[in-house]
Amino acid sequence: MDIEQKQEELIEHFVNQASTFQGSSLATVIIAATSHPSLFAFSEILSVPNVIELQGTEHSIYLDLLRMFAHGTWSEYKSSASILPPFAPDQVLKLKQLTVLTLAETNKVLPYDVLMQELDVVNVRELEDFLINECMYVGIVRGKLDQFRRCFQVQFAAGRDLRPGQLGSMIHTLSNWLSTSDNLLISIQEKIKWADTMSDLDKKHKKEADERMEEVKKALSLKKLQTVSRPTLTSEGTRRCSLNLVE
Amino acid sequence: MASSSSGLTFKLHPLVIVNISDHHTRVKSQSQPPTANGFASDATSASSNSPPLSSPRVFGCVIGVQRGRTVEIFNSFELLYDPSTHSLDRSFLEKKQELYKKVFPNFYILGWYSTSADAEESDMHIHKALMDINESPVYVLLNPSINHAQKDLPVTIYESELHVIDGIPQLIFVRSSYTIETVEAERISVDHVAHLKPSDGGSAATQLAAHLTGIHSAIKMLNSRIRVLHHYLNAMQKGEIPYENSLLRQVSSLLRRLPAIESEKFQDDFLMEYNDTLLISYLAMFTDCSSTMNDLVDKINVAFDRHSRRGGRTAFI
C-alpha cells in the first residue's frame, strides 16, 4: 500500500507530461516513465488520450512498449525484441522486476529454477541478489527466501496493472472469499451451540448421578436401622446393639 | 470550555487511569460501613445505611516527561485534600516528589488529577497552587459515573489558559485532546482485564465458547469489509464508478495473498500438531479412567472386606 502512495505523485507528473506533449515527444516521455526506478504502474499513462492516439502511427511501437511494461514479462519481450525499440539497462531491470510480480500472481511459492529461467540469470547467487536488492528493498515484494528448498515464498506482492479481463476474475475470487467466510461464521456458531449443549448435558448427568447417590445413601441409612433390630450372634454385637437402642 | 490552542500533544498511559480509578474505588468502598457487603444484606442495607451520596472526590498528582511539545503522563500518586483550606497537602506532595525523583529521575510533576463529573471552580485554586511547581500544569479529570452508552474513556485533560472575560484576564480550563500510549507491560495487563474469564474458571465448554465468540466477531468484521470491496468492484465493473487503477492494483495484490496459508510444510506441521493434541487428550482420558477404576476397587475392597468380624453390622448394599 505504501508503493501506491509513493507512486501517486510520479503517476500524476507523467500523466501531466503525457497530456501536454504529442507524437514524437511522447516517445521520450514514455521512455522516461519506463526507466524511472520507482514507477511500476502504467495504466494511468496508458489511458491518456494522446498516448492512445499513438496507435497506428509511426510511434506505435512506443505504445506497444508501454503496454509491454503494463502487462508483459521479460520472456515476452525477448520473443518480440525485433518489433520493439531496444532497451536501456534501467528498462531491462524494471521489466525484470515486473516479471517477478507477474510470477507472484499465480503462485505463492516460486521455485528458483522457474525464476532463473524467467529472469535469465544463471546462478542462484545472482538471483538472490536481484531479489533482495531490486525487489525487496524497493518494496514491491515481501517474502522469505528458502535456500534449502530452493524456493521463494511470497508473502506480499504489489499489484500490477490490470488486464481487461482480470477484473472479472478478481470479483469471482472476492465472492468465493465472501462465501467461505460466511460458511465459516455459520460453522463457528454451530460449534458454540454444540459446546453449550454439551456442557448442559454434562451438568445434567452430574446432577442425576448426585441424586442417585443421595437416594442410595438414604436407603442405606434406613437399612442400617433395620439390620440393628436383627438378633446378633456375638456378645460384641449385643453390646453394640444396646448402645444403638439407647441412641 | 473551549478547546486548547497551546498545541501540546498529550499522551496518557493506562497506568494513570487505573491508578485514579483504583484510588476512587478504594475510598468509596472504605467510606461505606463494613456491614454493607454481601448480597444477602442488600435488602437491609438500604434501610440501615444512609444511601451512598455522591462519592467523595479523590485527588492526586500526575507525573511524567515533557519533551518539546509532547507531554507524556506516565504515573500518578495520591494526595490528601484539605477541605477547609481547599488545597492539597503541600509537605506530603514534596516528600512524595523526592521519593519518586530517586526512582525515576526523569519524571517531573506535570499536574494533578481528581474525580468528578465536571471541572469545578474550586479546582482552579488547586491548579494555581500547583503553578509554582510547573508553570502550566495539566488537570486530569476522571468521571466515575458509569455510562454504558458512552464509547470512549471518561477521562478528560484540561489545561489552563489566560482568557480575557469581561475585561478581566482570568484563568479558565480548556479541554485538550490526548492519545493513549502503552508500554508492553501495560498492554498485557489491559488485555488481561479486558478479557475477564468467568470467575469460576469456567468449565472447558464455557472457555471454548468464549474463545469461539471472539473469533466469530473478528471474522464477522472481516466479512463485512470484504463485502464492501466486493460491492465496490461490482459497481466498477458495471461502469457506475470510474476505474480507479491504484485501488484495483491494491485489491489485486491483496487477493494474491490468498490462500493465506497453504503449502506442504504447513499441512505436515498442522497434521502433526493435531495428532499430538488428540493423542494427549486420549492419554489424559486413559489416566483419568484408570485412577477412577483404582478408587472404585479400593472402595469395593473396603466395603466387601470378608476378613474382619463385624457381625450384623456388615452393610450389604
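Lettering follows sequence order; numbering is per chain, from 1.
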Do any of residues 95-104 of chain A come closer than 4.5 Å to chain B, heavy atom to heavy atom, and if so which ones, in number order?
L101(A), A104(A)
Quick one: CH2 on W177(A) to CG on L229(B), what's the gap to the nearest 0.5 Å?
8.0 Å
Hey, which residues of residues 211-219 of chain B are touching chain A, say heavy atoms under 4.5 Å apart?
L212(B), T213(B), I215(B), H216(B), I219(B)
Under the side-chain contact (heavy atoms from CB on, under 4.5 Å) rule, collect the residues that match up with Y137(A), sequence neighbours excluded.
I132(A), N133(A)
Which value, rounded to the nearest 0.5 Å, describes the distance between S181(A) atom OG and I226(B) atom CD1?
4.5 Å
Is it true that, when you exclude M285(B) itself, more than 12 heavy atoms of the residues, nucleotides or ligands shown sit nearer than 6.0 Å to its CE?
no
Rounded at 0.5 Å granularity, tell me how far CG in L184(A) sits from NZ in K220(B).
13.5 Å
Excluding sequence neighbours, so at least two apart, what forms ring pair (Phe, Tyr, Trp, His ring centres under 6.0 Å) with F148(A)?
none
CE (M236(B)) and CE (M170(A)) are apart, to the nearest 0.5 Å, by 8.0 Å
Distance from L255(B) atom CG to H172(A) atom NE2, nearest 0.5 Å?
11.5 Å
Please classify the contact between D182(A) and chain B as side chain, backbone, both or neither, with a heavy-atom cut-off of under 4.5 Å.
both
Testing the basics here: between L233(B) and I171(A), what is the closest heavy-atom pair and its distance to 0.1 Å?
O-CD1, 3.6 Å
Can you tell me which of A157(A), G168(A), A219(A), S169(A) forms the most heavy-atom pairs within a distance under 4.5 Å of chain B?
A157(A)
Between Q189(A), K191(A), K193(A), the one whose heavy-atom pairs under 4.5 Å with chain B are most numerous
Q189(A)
Roughly how far, to the nearest 0.5 Å, is the CZ atom of R225(B) from the CG atom of L178(A)?
13.5 Å
